[in-house]
Protein chains: 2
Amino acid sequence: MEQQEELQSLSNLTPTLHRRSSKTTASGVPCLDSVATEIIEFFVHTTQVIGLPKSLGEIYGLLFASDRPINFDDVKTQLNLSKGATSQGLKQLRNIGAVKLTYIPGDRRDYYHAETELKKLVAGFLREQVTPQMAGWDMRLTRLNDMLSDEDNERNPLLDQRIEKLNSWASKLRRVVPVLMSVISP
Amino acid sequence: MEQQEELQSLSNLTPTLHRRSSKTTASGVPCLDSVATEIIEFFVHTTQVIGLPKSLGEIYGLLFASDRPINFDDVKTQLNLSKGATSQGLKQLRNIGAVKLTYIPGDRRDYYHAETELKKLVAGFLREQVTPQMAGWDMRLTRLNDMLSDEDNERNPLLDQRIEKLNSWASKLRRVVPVLMSVISP
DNA sequence: CGCTTTGTTCAAGAAAAAACGAACTAAAAA
DNA sequence: TTTTTAGTTCGTTTTTTCTTGAACAAAGCG
């Protein structure tokens, strides 16, 4: 176990994807699956855009580009990640629902595959990453509204207006999520 | 000038908002404008949710809560920011269109006020932060499509499917921005 | 013109986020 | 029951991002 510890010191942009079926250069570097590599880069870019760690993009991309479930250790090895990052990355992807467990009879290890239905991915992301933020946002808004009504003194009329503005923003933005879901659902 | 350099060592959660009209405690600490402070916190939270630096939220919040334009140095002083952060923060907010210059006759300094129309804020954010990312995204997708058609060999059929999936995602997501704008515009 | 005020830029430092990896739990194999 | 395998947790290190502050431009003023 852990034999190939030091070999894999190449850039993680050219991970050893799928040992199976690999044409290799004379030097033994896998040259095939440039497509898979490109797919992984695609998802790395995407996760960074939406503010998720790069490793999530790598893991999801690897699974997305694979036609069979991949087990924990292969994810770790092929992407050259640490155990910790692999474990935590898979956990977070599982929470979002972007990745599913596949039980393989006679194999004790966890195998994973990618969920590829856009609607589910977006829904999971919203549930895990944005809904909690919206809660904190509502809380602050409530606190602000309370401050204006609670306090006895007649406050700066501008602040009244501005908080009214915030309330109107909030009501508009609340409409966004359902519409977003409907746009991507078909 | 710069008299109050050291005094302002309190938390930046209680900036000296609007010297004018301030009730103060016996100790001289401004107790009024707890509302403004709360508004600033609101925007700090918001900028962090959308992946912008906290200082942008502070600056925008300060201006949003003010009924008059504020000049560069007051922004800097009231929020206890460095010159650099103030300059760069205001620049980025200007680029997004979240903040506007007000020219005040007889005063050489730059005065700023907040743009409060949600539509413009969102449009500016999309233009500055999202659109550039989408470009990189398109580029990668194009590259992937090219890889599949370009290369002579018959590749893994799964990869074909998966890249087709990416294309369908892209076409769905492209519909999102216009719809988003229309939802928040009224 | 030189001096002061106002703001920008950018290298360096500080803070925050992500990844690592050793120590640990749990469960199967021996 | 002891040993091995599989995966998680969490304190530490690394990387990335943000902020700072000094050097620099640009423009009014004396």
Side-chain angles (χ1 to χ4, degrees), chain A residues 1-6 8-9 11-13 15 43-45 47-60 62 69-95 99 101-112 129 133, chain B residues 1-3 5-6 8-9 11-12 15 44-45 47-60 69-95 99 101-112 129 133:
Chain A
M1 155 154 303
E2 304 283 15
Q3 335 72 333
Q4 57 188 140
E5 203 69 321
E6 305 300 338
Q8 181 95 15
S9 54
S11 155
N12 49 14
L13 291 180
F43 284 109
V44 167
H45 177 247
T47 48
Q48 300 202 304
V49 167
I50 64 180
L52 259 31
K54 176 179 152 179
S55 60
L56 292 204
E58 294 180 311
I59 297 171
Y60 183 80
L62 176 66
I70 303 181
N71 67 48
F72 184 100
D73 194 64
D74 282 349
V75 169
K76 169 185 170 301
T77 305
Q78 295 186 35
L79 296 173
N80 197 26
L81 287 172
S82 68
K83 260 181 154 192
T86 306
S87 176
Q88 292 184 171
L90 282 166
K91 180 204 239 178
Q92 206 171 342
L93 287 170
R94 241 162 24 220
N95 288 342
V99 141
L101 265 171
T102 315
Y103 293 104
I104 293 198
D107 195 331
R108 182 146 76 90
R109 292 167 296 179
D110 293 346
Y111 281 77
Y112 291 93
Q129 310 290 317
Q133 303 292 357
Chain B
M1 165 149 300
E2 304 283 17
Q3 332 77 327
E5 203 70 324
E6 306 302 338
Q8 182 93 18
S9 52
S11 156
N12 49 14
V44 167
H45 177 247
T47 49
Q48 299 202 304
V49 168
I50 64 180
L52 259 29
K54 176 178 151 179
S55 59
L56 291 204
E58 295 180 311
I59 297 171
Y60 184 79
I70 304 182
N71 67 49
F72 183 101
D73 193 65
D74 282 349
V75 170
K76 169 185 172 300
T77 305
Q78 295 187 36
L79 296 173
N80 198 27
L81 290 171
S82 69
K83 261 182 152 192
T86 307
S87 177
Q88 291 185 171
L90 282 167
K91 181 205 237 178
Q92 205 171 343
L93 288 170
R94 243 161 23 219
N95 288 341
V99 141
L101 265 171
T102 315
Y103 294 103
I104 293 200
D107 195 330
R108 183 143 78 85
R109 293 167 294 178
D110 294 345
Y111 280 79
Y112 292 95
Q129 312 289 318
Q133 303 290 358

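Numbered from 1 within each chain, the chains take letters A, B, ... in sequence-line order.
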Among all residues two or more places apart in sequence or in another chain, which pass the side-chain contact (heavy atoms from CB on, under 4.5 Å) test with A:N71?
A:D73, A:D74, A:R109, A:Y111
Mind checking side-chain contact (heavy atoms from CB on, under 4.5 Å) for B:T47 and listing every partner two or more places apart, or none if nothing turns up?
B:L52, B:L56
Considering only heavy atoms and no angle criterion, is a donor-acceptor pair shorter than 3.5 Å present between the side chain of A:Q88 and the base of C:dC20?
no
Length of the line joining [X]:[atom1] and [N]:[atom2], which is rounded to integer Å:
{"X": "B:I104", "N": "C:dT6", "atom1": "CD1", "atom2": "P", "answer": "13 Å"}
{"X": "B:K76", "N": "D:dA22", "atom1": "NZ", "atom2": "C1'", "answer": "14 Å"}
{"X": "A:L93", "N": "C:dA18", "atom1": "CG", "atom2": "P", "answer": "13 Å"}
{"X": "B:R109", "N": "C:dG7", "atom1": "CZ", "atom2": "P", "answer": "7 Å"}
{"X": "B:D73", "N": "C:dT4", "atom1": "CG", "atom2": "C1'", "answer": "15 Å"}
{"X": "A:L90", "N": "D:dT8", "atom1": "CG", "atom2": "P", "answer": "8 Å"}
{"X": "B:Q92", "N": "C:dG7", "atom1": "CD", "atom2": "C1'", "answer": "17 Å"}
{"X": "B:Y111", "N": "C:dG7", "atom1": "OH", "atom2": "C1'", "answer": "14 Å"}

Remember a base hit wins even if backbone is also touched, and classify [X] as base, sugar-phosphate or nothing at under 4.0 Å, heavy atoms.
{"X": "B:N71", "value": "nothing"}
{"X": "A:L81", "value": "sugar-phosphate"}
{"X": "B:S55", "value": "sugar-phosphate"}

Just to verify, what does B:S82 make a side-chain hydrogen bond (donor to acceptor under 3.5 Å, both in side chains) with, not counting sequence neighbours?
none
side-chain hydrogen bond (donor to acceptor under 3.5 Å, both in side chains) partners of A:Q133, counting only residues at least two apart
B:H45
Please write out each protein N/O paired with an N/O of nucleotides 23-30 of chain C under 3.5 Å, distance rounded to 0.1 Å.
none

Could you tell me whether the phosphate oxygens of D:dT9, OP1 or OP2, come under 4.0 Å of any side-chain nitrogen or oxygen in A:K91?
yes
Taking atom CG of A:L79 and atom CG of A:L62, what is their separation to the nearest 0.5 Å?
4.5 Å
On DNA chain D, compare the nucleotides closest to A:T86 and B:A85; which residue's is nearer the 5' end?
A:T86
Does any part of the side chain of B:D110, heavy atoms only, come nearer than 4.5 Å to the side chain of B:L90, both counted from C-beta?
no
Checking B:R94 now: which residues fulfil salt bridge (Lys or Arg N to Asp or Glu O under 4.0 Å) with it, not counting sequence neighbours?
none
When you get a sec, tell me which of C:dA19, D:dG7, C:dT8 is the closest nucleotide to the side chain of B:F72?
C:dT8
Closest-nucleotide 5' rank along DNA chain C - winner of A:P53 and B:R94
B:R94
